[in-house]
K.L.:
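The structure follows.
When a ligand or atom number is given, it counts from 1 through the structure's own listing order. Note that these values count all heavy atoms, side chains included, but never hydrogens, waters or copies made by symmetry. Bear in mind that the values here come from a model prediction, so they are computed numbers and not experimental data.
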Amino acid sequence: MKIGIVGLGLIGGSLALDLQALGQEVWGVSRRASTCLAAMEQAMVTHASQSLESLTDADLIFVCTPIAAILPTVSQLALLVSPATVITDVGSVKGDIVMAATQLWPRFVGGHPMSGKAEAGLAAASAGLFRGRPYVLTPLPQTPVDAVTQVSQWVERIGSLLYTTHPAAHDQAVALISHLPVMLGASLLHACATHPARSLAESLASTGFRDTSRVGGGNPELGRMMAQYNREALLAALSGYQAELSQLTQAITEENWALVEAYLTDAQRWRPAFIEGV
Ligand code: NAP
């Protein structure tokens, strides 16, 4: 079987390492010659090229480019590959991408590994990144079953926990647990950086602040794409969050300490279900 990976960065590079560890040869394609060279030198892929034509006879292709390049890549691949080829992506947003990519290539299976890091690029790639983490597939009713099965099998082989859902349901859920926290973390950092007490706060900040702000200080390009491509679901999540913050602000303003404590007790009770397995 010939597997291709387009976009040798954090996710594409990590996937290449895991597939190779399973004894699978991997044909990588990336934008820059220096990335292809580095991937070959570090034996992260079996072959690397800047040209999608190296994937003409691939059976399965993972598109691991930034979100904005996914559809243009699928569009180019559709002109090159054989009708049996399965194309899947790893983009953090699914709705619009899956609909449009399926029009371009009927054997397209939307995917999203729920693992990541603050760093980007091939140098940040690491083996085992997906192990024990959820990996969501978002097939449409018309997606061929054998194409979904093929991608599912590789997801399970790299040790991920397979979930299957509709693209819109995926986007709503990730808006809440992934995209909203990025915006909250970033706005928290802004609130601190623009406060007169910034300098002392910087010196006093410890693990609690590190944990709360971590995703807000990640890759800005990825965060911008989350907002741009999952705008509607993110706006709904932000609006729900603003309502919660207003409720809490009002309780503190009114010195309603019983309500504040009840609010925090609910939060403490609900948290384990969200972070179980993390
Ligand atoms: P990344 O580290 O920046 O890697 C993407 C790589 O794609 C870049 O290093 C770049 O390599 C290459 N590239 C850019 N445009 C290309 C093109 N037109 N053709 C071929 N290669 C191209 O980003 P990432 O974090 O791996 O994210 C990749 C995808 O995974 C995104 O769609 C993102 O939504 C998704 N994702 C990310 C995370 C996360 O936490 N980071 C988690 C789950 C899913 P060159 O060096 O060759 O320019």
Side-chain angles (χ1 to χ4, degrees), residues 4-18 26-42 44-45 48-55 58 61-77 80 87-98 100-101 108 110-127 129-131 133-138 155 158 160-161 163 167 170-171 173-175 177-179 181-182 185 214-230 233-234 278:
I5 293 181
V6 185
L8 296 173
L10 167 68
I11 299 295
S14 301
L15 194 54
L17 286 171
D18 284 359
V26 175
W27 273 254
V29 173
S30 214
R31 186 178 50 176
R32 289 182 296 169
S34 56
T35 301
C36 295
L37 194 64
M40 287 292 288
E41 277 174 1
Q42 294 162 46
M44 295 176 88
V45 290
S49 158
Q50 287 173 276
S51 168
L52 290 174
E53 282 177 18
S54 63
L55 303 181
I61 300 172
F62 288 86
V63 179
C64 302
T65 64
I67 295 174
I70 294 174
L71 287 175
T73 301
V74 174
S75 172
Q76 287 178 62
L77 286 170
L80 295 171
I87 302 179
T88 183
D89 77 322
V90 296
S92 311
V93 176
K94 300 271 59 90
D96 293 346
I97 288 176
V98 176
F108 179 87
H112 180 200
M114 301 297 302
S115 357
K117 285 185 184 177
E119 301 85 24
L122 185 70
S126 57
L129 185 70
F130 311 105
R131 179 159 298 282
R133 303 293 310 133
Y135 194 126
V136 190
L137 295 184
T138 58
V155 165
I158 60 170
S160 290
L161 310 172
Y163 287 81
H170 164 277
D171 287 356
V174 296
I177 53 85
S178 176
H179 305 170
V182 168
R214 185 177 66 81
V215 291
N219 180 353
E221 190 191 0
L222 186 58
R224 192 258 293 161
M225 287 192 189
M226 289 169 175
Q228 189 178 346
Y229 289 90
N230 202 18
L234 177 58
V278 173

K.L.:
Tell me the nearest of V63, V90, T65 to atom 32 (O) of ligand 1, using heavy-atom distances.
P.N.:
T65
K.L.:
Do any N or O atoms from the side chain of S30 and from the backbone of R32 form a donor-acceptor pair under 3.5 angstrom?
P.N.:
no
K.L.:
Hey, does S54 have a side-chain heavy atom less than 4.5 Å from the side chain of V29?
P.N.:
yes
K.L.:
Could you identify the single nearest non-hydrogen protein atom to atom 22 (C) of ligand 1 and state the distance to 0.1 Å?
P.N.:
R31 CB, 3.8 Å
K.L.:
Give the atoms of ligand 1, by number and element, whose distance to some non-hydrogen atom of H112 is under 4.0 Å.
P.N.:
43 (C), 44 (C)
K.L.:
List the closest protein heavy-atom neighbour of atom 11 (O) of ligand 1: residue, atom name, distance to the nearest 0.1 Å.
P.N.:
S30 OG, 3.2 Å
K.L.:
Looking only at non-hydrogen atoms, which of S115, S92, A39, G7 approaches atom 42 (C) of ligand 1 most closely?
P.N.:
S115
K.L.:
Is there a side-chain contact between M114 and I177, using heavy atoms and a 4.5 Å cut-off?
P.N.:
yes
K.L.:
Who's the nearest protein heavy-atom neighbour of atom 8 (C) of ligand 1, and how far?
P.N.:
G9 CA, 4.4 Å
K.L.:
Locate the shortest heavy-atom distance separating L122 from A38; write the atom from each residue and the value.
P.N.:
CD2-CB, 3.8 Å
K.L.:
How many angstroms lie between CE in M225 and OG in S92, if you round to the nearest 0.5 Å?
P.N.:
10.0 Å
K.L.:
Check whether any heavy atom of V6 sits under 4.0 Å from an atom of ligand 1.
P.N.:
yes
K.L.:
Distance to 0.1 Å, residue and atom name: give those for the protein heavy atom nearest to atom 40 (O) of ligand 1.
P.N.:
G116 CA, 3.2 Å
K.L.:
Checking the side chain of N230 only, and the main-chain atoms of D171 only, is there a donor and an acceptor separated by less than 3.5 Å?
P.N.:
yes
K.L.:
I'd like to check which ligand 1 atoms, numbered from 1 as shown, lie under 4.0 Å from a non-hydrogen atom of G121.
P.N.:
1 (P), 2 (O)
K.L.:
Tell me, which protein residue and heavy-atom name are nearest atom 3 (O) of ligand 1, and how many Å apart are they?
P.N.:
A120 CB, 4.0 Å
K.L.:
Among A69, G28, P66, which one has a heavy atom closest to atom 14 (C) of ligand 1?
P.N.:
P66
K.L.:
Could you pull out, from A123, G223, P113, P72, the option with a heavy atom nearest to atom 43 (C) of ligand 1?
P.N.:
P113
K.L.:
Taking 4.0 angstrom as the limit and counting only heavy atoms of G91, give me the atoms of ligand 1 inside it, by number and element.
P.N.:
32 (O), 34 (O)
K.L.:
Tell me which protein heavy atom sits closest to atom 37 (C) of ligand 1, plus the residue, atom name and distance to 0.1 Å.
P.N.:
I11 CG1, 3.7 Å
K.L.:
Just checking, is any N or O donor in the side chain of S14 or K117 under 3.5 Å from an acceptor N or O on the other one?
P.N.:
no
K.L.:
Kindly compute the distance separating CD1 (I158) from CZ (R131), expressed to the nearest 0.5 Å.
P.N.:
8.5 Å
K.L.:
Is a salt bridge present between D89 and K94, judged by a nitrogen-to-oxygen distance below 4.0 Å?
P.N.:
yes
K.L.:
Can you tell me which portion of K117 lies within the under-4.0 Å heavy-atom range of ligand 1? Options are side chain, backbone, both, or neither.
P.N.:
backbone
K.L.:
Given side chain to side chain contact (heavy atoms under 4.5 Å, CB included), test V182 with L222 step by step and report yes or no.
P.N.:
CA-CA 10 Å; V182 168; L222 186 58; over 6 Å; no
K.L.:
Does ligand 1 come near enough to N219 that some N or O of the ligand is less than 3.5 Å from an N or O of the residue?
P.N.:
no
K.L.:
Heavy-atom pairs closer than 4.0 Å: do any link ligand 1 to the side chain of C36, the backbone, both, or neither?
P.N.:
neither
K.L.:
In Å and rounded to the nearest 0.5 Å, what is the CZ to OG1 distance from R31 to T65?
P.N.:
9.5 Å
K.L.:
Out of A68, C64, G12, whose heavy atom sits nearest atom 5 (C) of ligand 1?
P.N.:
C64
K.L.:
Any nitrogen or oxygen of L222, main chain or side chain, under 3.5 Å from a nitrogen or oxygen of ligand 1?
P.N.:
no
K.L.:
State the CD1-CD1 distance between I11 and I5, to the nearest 0.5 angstrom.
P.N.:
11.0 Å
K.L.:
Please work out, at 4.0 Å between heavy atoms, whether the side chain, the backbone, both, or neither of I67 comes within that distance of ligand 1.
P.N.:
both
K.L.:
What is the closest protein heavy atom to atom 23 (O) of ligand 1, and at what distance does it sit?
P.N.:
L10 N, 4.6 Å
K.L.:
With rounding to the nearest 0.5 Å, note down the distance linking OG in S160 to CZ in F130.
P.N.:
7.0 Å
K.L.:
Below 4.0 Å from ligand 1: does a non-hydrogen atom of T73 turn up there or not?
P.N.:
no
K.L.:
For atom 46 (O) of ligand 1, which of the options V182, T35, I97, I70 provides the nearest non-hydrogen atom?
P.N.:
T35
K.L.:
Output the distance between atom OG1 (T88) and atom CD1 (I70), rounded to the nearest 0.5 Å.
P.N.:
9.5 Å
